[in-house]
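A short worksheet on the structure shown next.
Numbered from 1 within each chain, the chains take letters A, B, ... in sequence-line order. For clarity, every value in this text was computed on a predicted model and none was experimentally measured.
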Protein chains: 2
Amino acid sequence: MPPETRDALLDAAEELLDAGGVAAVTLREVGRRAGVSHNAPYKHFASKEALLAAVAARELLRRRDTLAGALAGAEPAEVVLRDALHRYAGWALSYPQRFKLIFGRWTIDSPDLAEAASAASAQLVDTVRAAQSRGTLPAGPPDRLAALLRAVAHGAADLEAAGHLSPTGKGRADAAGLVDDLLAHLRPGR
Amino acid sequence: MPPETRDALLDAAEELLDAGGVAAVTLREVGRRAGVSHNAPYKHFASKEALLAAVAARELLRRRDTLAGALAGAEPAEVVLRDALHRYAGWALSYPQRFKLIFGRWTIDSPDLAEAASAASAQLVDTVRAAQSRGTLPAGPPDRLAALLRAVAHGAADLEAAGHLSPTGKGRADAAGLVDDLLAHLRPGR
DNA sequence: ACCTGAACACCGTTCAAGT
DNA sequence: ACCTGAACACCGTTCAAGT
């Protein structure tokens with residue numbers, strides 16, 4: 001285990017991010033919490049922006065792994081798919097600051113990250129294809145269908161996190177419910 | 001016209017926001033651009049956060065007006081609806097920083113804003129209801145259907161802005177296309 | 001290779017004045 | 001009522017050293 005300060009810095013940054021948003025993560029406070037000088041971070045990250053990118057990268061890789069686990073399940077494709085979309089929305093609502101960090105500035109051009117993202121995306125497309133051949137999703141290009149499903153999960157979670165989902169109580173919708181609505185509308189033969 | 005410095009400050013803040021994101025809007029630079037001392041903003045806004053909230057508020061009210069215009073069109077409901085959703089996504093992609101500001105921190109609890117948001121939402125629901133009675137949208141609670149449509153437009157635009165929409169070229173999707181896909185899937189009788 | 005302390009330019013906010 | 005200038009505490013980043 002070479003650099004253990006590096007992990008301590010990442011942990012401290014993530015903690016500050018979760019607690020107070022990106023504005024609260026301060027290089028100096030990160031150093032303080034990691035027990036090093038206000039200036040040691042520069043030996044591990046080129047800048048504050050680079051530290052934030054590393055936090056985002058770590059979280060994205062974690063997400064990729066849990067998605068892979070969910071999609072590898074033995075259940076029918078439509079169940080696995082619904083579960084994965086619910087998890088996506090649940091994650092966004094549980095860690096809104098990480099969610100916003102990751103999608104707020106996709107200047108993260110590291111090849112591992114791009115690869116992680118496209119691997120996750122490919123897995124989702126595979127599951128969509130499986131559901132299509134089971135007749136639980138309509139025909140059509142599976143990648144567009146996957147993008148549509150993901151857009152709903154993403155948008156509904158973002159709107160719910162921002163409090164923009166029907167604040168008035170009548171037909172109250174939450175992100176998971178909207179995902180279910182879409183899946184129901186997509187079910188063929190009705 | 002009472003306070004014309006106030007508008008100058010809002011304009012300067014918006015300019016900085018569009019150019020460099022929320023991190024680039026600095027109270028001192030805002031003052032500089034507005035031709036006042038680094039400190040005059042405090043006579044018009046309680047804090048930097050309050051200035052940003054006012055920028056978000058102004059943009060939200062503008063949006064409400066253009067949405068109202070689009071929804072008041074004489075065309076068939078499904079055309080008006082499609083147009084409004086396309087405009088929503090187009091706005092998000094044209095002004096990503098304003099979009100992120102507005103949905104990034106919905107602590108904007110001013111009553112005018114809440115009212116503007118819910119008025120816009122009600123108009124969208126009305127259009128959905130009209131499309132339903134024309135038979136171009138499936139039955140079901142119109143507010144949930146409206147939330148679903150908005151979630152797709154919102155999520156697809158956010159993902160496209162972040163570069164997360166199928167970076168690989170095959171079944172390439174953009175926000176407007178995903179909105180169209182959803183409307184096509186929702187068309188009853190097929 | 002990793003860390004420290006001083007230093008610089010910048011920022012948000014407050015305060016005592018000015019008109 | 002609106003604005004200014006000095007001041008304070010804080011921050012990102014750089015630099016010259018230390019081990």
Using 4.0 Å as the upper bound for N to carboxylate O, is an ion pair formed by R82(A) and E78(A)?
no

Residues R129(A) and D126(A) bridged, charged N to O under 4.0 Å
yes

dG12(D) phosphate, OP1 or OP2: any side-chain N/O from T26(A) under 4.0 angstrom?
yes

If pairing means Watson-Crick or G-U wobble with both distances under 3.5 Å, then the partner of dT14(D) is dA6(C)

Separation of K48(A) atom NZ from dC11(C) atom P, in whole Å?
14 Å

Determine whether a donor-acceptor pair (N or O, by modelled atom type, separation under 3.5 Å) exists between the side chain of K100(A) and the backbone of D158(A).
no

Taking only side-chain nitrogens and oxygens of S47(A), does any of them come within less than 4.0 Å of OP1 or OP2 of dG12(D)?
no

Take the protein atom CZ of R32(A) and the nucleotide atom P of dG5(C), then report the distance between them rounded to whole Å.
13 Å

Nearest-Å distance for atom pair CG/P, residues L27(B) and dG5(D):
16 Å

Checking contacts here: which listed nucleotide (dT13(C), dG12(D), dT4(D)) is nearest the side-chain heavy atoms of H38(B)?
dT13(C)

Distance, P atom - from dA17(D) to dC2(C), rounded to whole angstrom:
22 Å

Does a distance-only test, which skips hydrogens and angles, find a donor-acceptor pair under 3.5 Å between the side chain of N39(B) and the base of dT14(C)?
yes

Nearest listed nucleotide, side chain of R28(A), among dC11(D), dG12(C), dT14(D):
dC11(D)

Which listed nucleotide (dC11(C), dG12(D), dT4(C)) is nearest to the side chain of A40(A)?
dT4(C)

Rounded to whole Å, how long is the line connecting atom CD of E29(B) with atom P of dC11(C)?
7 Å

How many whole angstroms separate atom CG of L16(A) from atom C1' of dG12(D)?
15 Å

Report the distance from atom CG of L52(A) to atom P of dC11(D), rounded to the nearest whole Å.
15 Å

If you look at every strand shown and take non-hydrogen atoms under 4.0 Å, does K43(A) touch a base, only sugar-phosphate, or nothing?
base

Salt bridge or not between D143(A) and R150(A)? Use side-chain N to carboxylate O under 4.0 Å.
no

May I have the distance from E4(A) (atom CD) to dA1(C) (atom C1'), rounded to whole angstrom?
15 Å

Paired to dA1(D) by Watson-Crick or G-U wobble criteria (both distances under 3.5 Å) is dT19(C)

Without decimals, in angstroms, what is the distance between R6(B) CZ and dC3(D) P?
12 Å

Please determine if R63(B) and E59(B) form a salt bridge, counting it only when a charged side-chain N lies under 4.0 Å from a carboxylate O.
no

Among the candidates dG12(D), dC11(C), dT4(C), find the nucleotide nearest to the side-chain atoms of S37(A).
dT4(C)

I want to check one thing: is the phosphate of dC3(C), taken as OP1 and OP2, less than 4.0 Å away from some side-chain N or O of T5(A)?
yes

